[in-house]
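Working notes for the structure below.
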Amino acid sequence: MTAVYIKENNDLKYFLFAMNTNKENNEECYFTDIQTIKNGAFKNVKNLERIYFNEKLQKIEKNAFKDNISLEVFSCCNVEKCKENNNDNLELNDIIADKTADEQNKNFAVEAFSFSGCENLNTVVFPKCSKITIEKFAFENCSSLRTIVVLAEEISFTDNPFEDCPSDLVFICNKDSTVERFARENGYGIVYVK
């Protein structure tokens, strides 16, 4: 699908709609060169199931995806690799968005209520980064959340931003990372990635 949206500098201010260019029922959109998803940009969007951003993304402002009831997958990934897969299976390491050396020092932030009310959201893949900050209530009422991929060296979570999520939530993370410790302390599942 082709996304139609309002962009200012490298900020996605507001998503308008998606055009189906292949006449397929393929409710997914790919975005490149976006650094910030602004407050309410995807709020109440009803027809997007999968949204992919490349490694340039650094911040998701509050309410960005609030009550986006169709959203199932949010991923920061190698967009080109995802687009060209032609229904071939991919390993996580093939698609994970790896920030360049210049970007490694930058933090990734998810503000409060960013994904609040995304009832069908089941998978979130964040890019590799030095530090990720996720504020409380970022995943409020995400009752289907199954997998969070966090390959950050350091985390800063306000309380437990996943407290409204299912107890069988699984974190994909590096062994001996602060993400592993957070998941273990809160009773979540852990799967290590190389």
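Numbering starts at 1 and runs along the sequence shown.
- Here salt bridge (charged side-chain N to carboxylate O under 4.0 Å, His left out) pairs that include residues 117-127, with residues two or more places apart or in two chains, number zero.
- Remark: Tyr14 OH is loosely packed, at most 12 non-hydrogen atoms of other residues, nucleotides or ligands lying under 6.0 Å away.
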For Phe65 and Leu121, what are the C-alpha separation, side-chain angles and deciding distance, and is it a side chain to side chain contact (heavy atoms under 4.5 Å, CB included)? CA-CA 10 Å; Phe65 294 93; Leu121 182 65; over 6 Å; no

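- Contact record, Ile148 with Val150: CG2-CG2, 3.3 Å, taken as the closest heavy-atom pair.
- For Glu163 and Lys136, the salt-bridge test passes: some basic side-chain N is under 4.0 Å from an acidic carboxylate O.
- Lys62 approaches Ala112 most closely through the heavy-atom pair CB-O, 2.8 Å.
- Residues forming a ring pair (Phe, Tyr, Trp, His ring centres under 6.0 Å) with Tyr192 (at least two apart in sequence, or on another chain): none.
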For Val110 and Thr133, run side chain to side chain contact (heavy atoms under 4.5 Å, CB included): C-alpha distance rounded to whole Å, both residues' side-chain angles, the deciding distance at 0.1 Å, then the answer. CA-CA 6 Å; Val110 182; Thr133 301; over 6 Å; no

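- Applying the ring pair (Phe, Tyr, Trp, His ring centres under 6.0 Å) test to Phe137 and every residue at least two apart in sequence or in another chain returns Phe113.
- Taking each heavy atom of Ile134 and Ala138 in turn, the nearest pair found is CG2-CB, 3.7 Å.
- By the salt bridge (Lys or Arg N to Asp or Glu O under 4.0 Å) test, Glu72 pairs with no residue at all, sequence neighbours left out.
- Across Asn68 and Leu48, no two heavy atoms sit closer than the pair OD1-O, 3.9 Å.
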Applying ring pair (Phe, Tyr, Trp, His ring centres under 6.0 Å), run through Phe17 and Tyr5 and close with a yes or a no. CA-CA 7 Å; Phe17 62 93; Tyr5 56 95; over 10 Å; no

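- Using cut-offs of 30° and 60° for the angle between ring planes, the Phe115 and Phe139 rings count as parallel.
- By the ring pair (Phe, Tyr, Trp, His ring centres under 6.0 Å) test, Tyr52 pairs with Tyr30, sequence neighbours left out.
- Under the ring pair (Phe, Tyr, Trp, His ring centres under 6.0 Å) criterion, Phe15 pairs with Phe42, sequence neighbours left out.
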